[in-house]
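Scroll down for the structure; my scribbles are underneath it.
Remember, it's a predicted structure, so these values are computed and weren't measured experimentally. We name chains A, B, ... by the order of the sequence lines, and we start the count at 1 in each one.
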Amino acid sequence: MGEADAAAGVPPAQILLARDPGAGWTLVHLDATGAETRRETASEPDVAGRVAYWERLCAPRWVVRSLREIYPPLLAEGVRLRRAHDLLLCHAILRDTALLPRPLTASSAWRRVDPVDPAPQALFELGSTGETAPAGADHLLAQWGAQLEALSRAPDARLDLLCRAESTGALVAEEMTAAGLPWDRAAHERILEETLGPRPVAGGRPVRMAELAQRVGDLLGDPEVPIDSPPRLLRALHRAGILVESTSRWELASEEHPAIEPLLAYKKLARLHTANGWTWLREWVREGRFRPVYLTGGVVTGRWASSGGGALQIPRGLRAAVRADEGWVFVLADVAQLEPRVLAAMSQDRSMADAAQGADLYEGVVRSGAVATREEAKYAVLGAMYGSTTGESGRLVPRLRKVFPRAMALVDDAARIGEDGGVVSTLLGRSSPLPDAGWRAAQSRASDVDAGGADERRARSRARDRGRFTRNFVVQGTAAEWSLLWLAEIRHRLSSFPAAEVPVRASGPVFERAAHLAFFLHDEVIVHCPQEQAEEAAEAVRAAATAATSRLFPGFEIEVPLDLRIAEHAGKGP
DNA sequence: TCGTCATGCGCG
DNA sequence: AAAGCGCGCATGACGA
């Protein structure tokens, strides 16, 4: 086979790529209607080459079982896919969606199991993703057919958009893992030494921590204070007359004792040392890159989770260690108050959308007259989305009902449905899971004739818990959809950027030599690009946000402003 | 000594 | 013990 392929007929619109039960691979060519036009096989060493060939020729939609399984080895061979459909991710969406009266039939073979071993996968080796593995092209074809059939019954294009966005997100995720986040080991070590003191030899306690532990011991009159064990520390605090109920920071902060200040300082340093200290650096940073594994669809709401190195919890104070390559810069962008803006738009609440005009939604809420100060606006809005009923926040929420009735009705309805054991959905149709057996058991126990007050209280409490979950699900999940669209639009725009004149690392992936996405965290992105492309990349990120907004909320005016800057590192200062 | 659970804290 | 959502991870406690 070769160039004659192109002449042999119409290029395939889609190619289903399946690992055979034996050793090889099958490429099933499909036309735009989904009909099979041709089938070819490829041996393990040839498959990347065949994929690259067809990708170059006609950029088909690659239909695969799981991009997390097949894309990393392709990227390692320098093969980048433009479009794909991830059957595993879309199975979960189409199986659970409440937008279809008759959703996709669930199949245990397509149930996704969380990875147990985040170790890098060997080339095309199965198993390390921890997922069950239905074999063969025909099995995949049957599932693809079922998913297309389900999509064809959808009342509108939203589910199709969601499946496309989810799949493109999976492409982005693997590309970002392959590229990695540029990480300056020396800068990280400087931060550690400035805060903790010199790197301790033989795994001892860093000097600054040791000094603080000593001071805490002296001030408590307990030189051997077990500072690292919360239960024992709690008893030690009690012996010293500090009658707290836990050792958490918030409770300690309200105490007057002189030992509190060094204790809190110790906890801060201990956190840095254990979570992102020298051990972390050695384990997670290789060749100037931190490579998080993104688990797309890893959260029920559609947010991404991550595995390894606490990728989504990099402390703000450490972001100065995120440094662009020589001659390159970052475009750093995050959305200001994404979730309330999404709520305003999805509920078509014109008054809330008006309050969202400008860079600060909370100031807009103050202007609306609902509350007096920005701080109150923040508590009220967060309380509305999270379901506060008590305290300052709970007190302020009712004021929003008067000013933003549609937005509040949307979240209040979602909460009520959740309390009743029902299912809620995001704007594009990702639906919440049904209550589990324990929840249902608690509810039915409470309605028994001989149910006690404790049973009823427990059932009410669990019902309200679930109400807060579904209340937040619709907002968090739709915000995640906005972010997926944003990512996809950024990727699309960056794909036409020229490669840099001088490769960053000759051995690196192809796309890493051009402007590329390097990090994503719910509502923020980092693009890594040659310095001379920075303005253009920034414009791409802005234009992508505008495009995401109009695709998700067609016909509804809502501002989704970005905080965007171009810098050589991701830290706050210069 | 192993696996599981609870705690506490980092991120949005 | 943060009020109110979603996560991951290191640690110590505890039961087997």
Side-chain angles (χ1 to χ4, degrees), chain A residues 114-116 118 226-235 243-255 263-264 266-277 279-280 283-284 292-319 334-340 342-343 375-376 378-397 411 414-415 418 424 426 430 432-433 464-480 482-483 519-525 570:
Chain A
D114 282 337
V116 279
I227 198 165
D228 290 318
S229 163
R232 293 165 63 208
L233 174 60
L234 188 62
R235 287 194 289 274
L243 302 178
V244 286
E245 285 180 25
S246 83
T247 62
S248 71
R249 189 156 49 86
W250 275 104
E251 195 175 356
L252 290 173
S254 58
E255 294 291 323
L263 175 55
L264 292 179
Y266 176 89
K267 281 168 156 276
K268 191 126 186 109
L269 299 196
R271 169 76 195 183
L272 176 64
H273 182 235
T274 57
N276 298 98
T279 310
W280 182 92
E283 193 167 353
W284 292 105
V293 174
Y294 297 92
L295 305 180
T296 59
V299 182
V300 280
T301 59
R303 273 190 174 183
W304 294 5
S306 74
S307 164
L312 307 188
Q313 304 136 257
I314 301 167
R316 291 229 150 259
L318 213 55
R319 302 214 180 167
D334 67 83
V335 186
Q337 304 120 12
L338 175 59
E339 291 189 0
V342 161
L343 172 59
E375 201 65 2
E376 285 187 335
K378 191 170 169 180
Y379 281 126
V381 167
L382 291 177
M385 295 189 304
Y386 293 159
S388 312
T389 52
T390 62
E392 173 82 349
S393 178
R395 187 175 63 75
L396 292 165
V397 171
V411 286
V424 297
T426 61
R430 195 189 305 264
S432 64
R464 280 193 300 270
D465 289 347
R466 189 159 188 281
R468 287 193 302 277
F469 165 64
T470 52
R471 169 189 292 271
N472 186 247
F473 181 96
V474 294
V475 181
Q476 186 183 118
T478 305
W482 186 93
S483 295
F519 189 69
F520 167 63
L521 177 54
H522 308 318
D523 63 358
E524 63 182 82
V525 297

Glu524(A) near the nucleic acid: base, sugar-phosphate alone, or nothing, with a heavy-atom cut-off under 4.0 Å?
sugar-phosphate

Please determine if a side-chain N or O atom of Lys267(A) lies less than 4.0 Å away from the OP1 or OP2 oxygen of dG8(B).
no

Between atom CG in Asn472(A) and atom C1' in dC7(C), what is the gap in whole Å?
12 Å

Spatial distance of atom CG (Leu263(A)) from atom CZ (Arg249(A)) [nearest 0.5 Å]
11.5 Å

Does any part of the side chain of Ser432(A), heavy atoms only, come nearer than 4.5 Å to the side chain of Arg466(A), both counted from C-beta?
yes

Just how large is the angle between the end axes of the helix from dT1(B)-dA16(C) to dG12(B)-dC5(C), five pairs per end, to 10 degrees?
10°

Taking CG from Leu234(A) and C1' from dG12(C), how many angstroms apart are they, rounded to a whole number?
14 Å

Within the 4.0 Å heavy-atom criterion, would you say Ile314(A) contacts the bases, only the backbone, or no part of the nucleic acid?
sugar-phosphate

In terms of the nearest nucleotide of DNA chain C, which residue is placed more toward the 5' end: Ala311(A) or Arg303(A)?
Arg303(A)

CG-CG distance between Leu338(A) and Leu343(A), expressed to the nearest 0.5 angstrom
11.0 Å

Minimum-distance nucleotide (side-chain atoms of Tyr386(A) versus dA13(C), dG4(C), dC9(B))
dG4(C)

Side chain of Pro231(A) only, please: which of dG10(B), dA13(C), dG12(B) is the nearest?
dA13(C)

Between dC5(C), dA1(C), dG4(C), which one does the side chain of Ser246(A) approach most closely?
dA1(C)

Arg395(A) and Glu392(A) ion-paired at < 4.0 Å
yes

Kindly indicate whether the side chain of Arg249(A) and the base of dG8(B) share any N or O donor-acceptor pair separated by less than 3.5 Å?
no

Of the nucleotides dC5(C), dA13(C), dG6(C), which one has an atom closest to the side chain of Val299(A)?
dG6(C)

Which nucleotide in the set dA3(C), dG12(B), dA1(C) lies at the smallest distance from any side-chain heavy atom of Thr390(A)?
dA3(C)

